[in-house]
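Quick notes on the structure that follows.
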There are 2 protein chains.
Amino acid sequence: MTIKTPGSPGTSQRVTSHDVSREAGVSQSAVSRAFTPGARISPEMRQRVFDAAQKLGYKPNAIARSLSTQRSGIVALIVGELHNPFYPQALSQFAQALEARGKRALLLTHDARQDIQETLDAASSYQIEAAIVFPTRLNSTAPSLGDVSQGGVPVLLFNRHLPGRELLSVACDNHSGGRLAAQVLLNSGARRLAFIGGDPDTSTHQDRLNGFVERLAESGLGPLATPSLSFRYDWGVQATLDLHAAGHLPDAVFGANDIIAIGVLDALRSLGRRVPEEVSVIGFDDIQESARLAYRLTTIRQPLEAMIEDALAALGDPQPGFGPRLHPGELIWRDTVRAATA
Amino acid sequence: MTIKTPGSPGTSQRVTSHDVSREAGVSQSAVSRAFTPGARISPEMRQRVFDAAQKLGYKPNAIARSLSTQRSGIVALIVGELHNPFYPQALSQFAQALEARGKRALLLTHDARQDIQETLDAASSYQIEAAIVFPTRLNSTAPSLGDVSQGGVPVLLFNRHLPGRELLSVACDNHSGGRLAAQVLLNSGARRLAFIGGDPDTSTHQDRLNGFVERLAESGLGPLATPSLSFRYDWGVQATLDLHAAGHLPDAVFGANDIIAIGVLDALRSLGRRVPEEVSVIGFDDIQESARLAYRLTTIRQPLEAMIEDALAALGDPQPGFGPRLHPGELIWRDTVRAATA
DNA sequence: CTGAAAGCGCTTACAG
DNA sequence: CTGAAAGCGCTTACAG
């Protein structure tokens, strides 16, 4: 791909601070100062520069500024597959939050075939100030990520944590969330509870499962089944169909995330099972889709805004500490869990 | 946000080509050449440089390179709201396609309150080579976009076109797609056809509607109703409910996109109407969700890959021409349109 | 093929 | 407050 120059080709010469300084009859330093927020410059000078800049259509070159200041203002956002709508939502909110802070988001993709380290290296050549990874493709078996922060740029895992690695991470308090899901289902009178899990190698999955099982145990129960595979709609459907075929249909299911829970709902419907009369279903995330008329899914919401703020705060903190930063989930009560029995 | 330096603070000094040249005992130009693909340099020299670079952990600074070469390798991706899953999909595929070409994607958001021109200006300070806008928030009343390409960077509208402006755009052939939808519905025996539209100010909406109406007219029919508002699920639901309340329930509906059509499906279901027995429904886009068990939506697929390739090709072309570049939609036959009557 | 040097467009001590 | 100058880390004619 090469650059083309539509419109007047002559105009395409980039106008620089030198051009402006000439036009305004001041030094080049002056024009630089005029465009630097806290700089020592008289209002008259600044105005004079602005007028000339306006006239010439001057815009400071952020690349040159980055080189000079040694701060790019760029944060890398690294995403894998986007099957789960939770991620696009997080992605765009991150981009906005970054912009609000005067930063820019460099979007990088990461697929299963490549080591995430390569992606990070590629990003770091742009002198990124931090990298936020949305680990749709990353589980605890991921290699070498532990070394990343050595390069000097902080890496933050969003919505997952890797135990024992020196990485920043922010996530929902999935363990408590798992407990909450169990609690809600138990309250509704359910006794045959199943968990349909996502990728078993992820902390997200594990924490939700452990919290769920822990709470069940406190009521003297164990899960009926905990089939787990991946955080995808198809899997939610499949697992439900399998359970049914095996004659193990539960009276309540906790889907490891909403997209799975929605699969469960669709499968149940195709099986002619009524929700919540025969089977209660609860999910996790509260993606937009869960509120739809066709689902009205009861779920545990991840406090996305708070998590994003916190992620950015952690990245800005010189001594953040490496444990996962946890945020409590919030129960969103809709129509897929039976009302509590009296 | 400031940079922190985890790990060994001493290590955080960026290693530059000078460090490498010193280590390798060669000139700085040599190390630059070693990292420049087509450069004239002997294999021995290159290897020597690579060894030193490896030892020091050197990575070329892309920011400095950009400044020097006057080519940033950065393409801006500008997105608005992401209610429609079509866009995240397009977004991540664009990012991948760009990476495959050695380019980087700068992600910018654009909300309704701000002029898109501001967003483009912000982007252009990073010396972007092109901007691709996903016009979820942009309709034909958008101001000033016509001036954008003056700045020297080509702007491409994805999935929409603005008549009469000198902008690149690639889109599906929505007019033919609208005709195709009408055709399919007519073949199924429908006679009372409605179109539930999106934002009436968009070319996407208009072209689909016009094609649809045109084909209907050829069969001596007119649309039963064409309520239009926005490309959102909620609107699909609402419009269907309204039609029903007004006693105008059609025997076939063409949803201006899949997300609307899915809303229609959900509303129909809540009304106790059977699809496709009582009402046929067809959508547009073929988002992943449309294939789900609960919907199995018959729809017209936008050839996303081809559109993305073409977009990148157009951006690389010095003389692209400004008409919209149209790609034919493909009928995806699933379960929401009645089989053709004999 | 290799090196010394100028230059990309800024920022920022340093003097005044 | 203002200007001249050095420097950020590369690339690329220009000589050799």
Side-chain angles (χ1 to χ4, degrees), chain A residues 3 12-50 52-53 56-74 102 104 124-129 152, chain B residues 3 12-50 52-53 56-74 102 104 124-129 152:
Chain A
I3 312 296
S12 76
Q13 301 297 338
R14 288 231 140 270
V15 13
T16 73
S17 58
H18 277 103
D19 299 322
V20 177
S21 72
R22 213 170 299 129
E23 173 74 23
V26 301
S27 73
Q28 183 271 334
S29 325
V31 1
S32 175
R33 288 196 185 96
F35 284 94
T36 303
R40 305 205 171 290
I41 187 174
S42 67
E44 302 75 41
M45 172 70 90
R46 172 163 272 153
Q47 193 53 52
R48 198 160 151 200
V49 169
F50 279 180
L56 302 182
Y58 169 73
K59 296 276 185 307
N61 181 330
I63 295 284
R65 177 187 310 212
S66 296
L67 184 59
S68 186
T69 59
Q70 305 276 65
R71 314 191 68 242
S72 67
I74 297 176
R104 295 291 157 207
S124 69
S125 75
Y126 278 89
Q127 314 305 107
I128 54 169
E129 298 184 356
Chain B
I3 313 295
S12 76
Q13 300 297 338
R14 288 231 141 273
V15 13
T16 72
S17 58
H18 277 103
D19 299 322
V20 177
S21 71
R22 213 169 300 130
E23 173 74 23
V26 302
S27 72
Q28 182 272 334
S29 326
V31 2
S32 175
R33 289 196 185 96
F35 284 92
T36 303
R40 305 202 171 291
I41 186 175
S42 67
E44 302 75 39
M45 173 71 92
R46 172 164 271 151
Q47 193 53 51
R48 197 160 151 200
V49 170
F50 279 180
L56 302 182
Y58 170 73
K59 296 277 185 308
N61 181 329
I63 295 284
R65 176 187 311 213
S66 296
L67 183 59
S68 186
T69 58
Q70 305 276 65
R71 314 191 68 242
S72 67
I74 297 177
R104 295 292 157 205
S124 68
S125 75
Y126 278 89
Q127 313 304 109
I128 54 169
E129 298 184 357

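In the text below, chain A, chain B and the rest are named by the order of the sequence lines, each starting its count at 1.
- For the pair A:Arg104 (side chain) and A:Ile74 (backbone), a donor-acceptor distance under 3.5 Å is absent.
- The side chain of B:Gln70 approaches C:dG9 more closely than any other nucleotide in the set C:dG9, C:dG3, D:dT2.
- Of the side-chain N and O atoms in A:Tyr126, none sit less than 4.0 angstrom from OP1 or OP2 of D:dG9.
- Within the 4.0 angstrom heavy-atom criterion, base atoms lie near B:Arg40.
- Between B:Leu67 and B:Arg33, it is B:Arg33 whose nearest contact on DNA chain C lies nearer the 5' terminus.
- Checking D:dG3 for Watson-Crick or G-U wobble geometry (two distances, each under 3.5 Å) identifies C:dC14 as its partner.
- Using a 4.0 Å heavy-atom criterion, one finds that B:Ser42 contacts the sugar-phosphate atoms exclusively.
- Phosphate proximity of C:dC8 to B:Thr69: absent, as no side-chain N or O sits under 4.0 Å from OP1 or OP2.
- Using a 4.0 Å heavy-atom cutoff across all strands shown, A:Ser32 reaches at least one base atom of the nucleic acid.
- The nearest whole Å value for the distance from the CZ atom in A:Arg22 to the P atom in D:dG3 is 15 Å.
- Place A:Gln28 and A:Pro43 on DNA chain D by their nearest nucleotides, and A:Pro43 ends up nearer the 5' end.
- The CZ atom of A:Phe35 sits 16 Å away from the P atom of C:dG9 (whole-angstrom rounding).
- Side-chain proximity of B:Asn61 to the nucleotides C:dG3, D:dG9, D:dT11 is greatest for D:dG9.
- Here the NE2 atom belonging to B:His18 is positioned 15.0 Å from the CD atom belonging to B:Glu23, to the nearest 0.5 angstrom.
- To the nearest 0.5 angstrom, A:Arg71 atom CZ is 9.5 Å from A:Ser66 atom OG.
- To the nearest whole angstrom, the two C1' atoms, one in D:dT12 and one in D:dG16, are 16 Å apart.
- Ring pair B:Phe35/B:Tyr58 is perpendicular by interplanar angle, where above 60° counts as perpendicular and below 30° as parallel.
- Looking only at distances, a side-chain donor or acceptor of B:Ser27 sits under 3.5 Å from a matching main-chain atom of B:Ala30.
- In the set C:dT2, D:dC10, C:dC10, the nucleotide with an atom closest to the side chain of A:Ser17 is C:dC10.
- For A:Ser68, whose side chain is taken as the heavy atoms from C-beta onward, the closest listed nucleotide among C:dG3, D:dC10, C:dG9 is C:dG9.
- Rounded to an integer number of Å, the gap from CZ of B:Arg71 to C1' of D:dC10 is 16 Å.
- Looking only at side-chain heavy atoms (C-beta outward), B:Arg14 and A:Gln127 come within less than 4.5 Å of each other.
- In this entry the distance linking CZ of A:Arg48 with C1' of D:dT2 reads 11 Å, nearest Å.
- Computed from coordinates, the B:Ile63 CD1 to D:dG7 C1' distance equals 17 Å when rounded to whole Å.
- As a whole-Å value, the separation of A:Ile41 CD1 from C:dT12 P is 14 Å.
- Straight-line distance from the CZ atom of B:Arg65 to the P atom of D:dC8: 19 Å, rounded to whole Å.
- For A:Ser27 and D:dG3, the shortest distance from a side-chain N or O to OP1 or OP2 is below 4.0 Å.
- Rounded to whole angstrom, the span from the CD atom of A:Gln127 across to the C1' atom of D:dC10 amounts to 11 Å.
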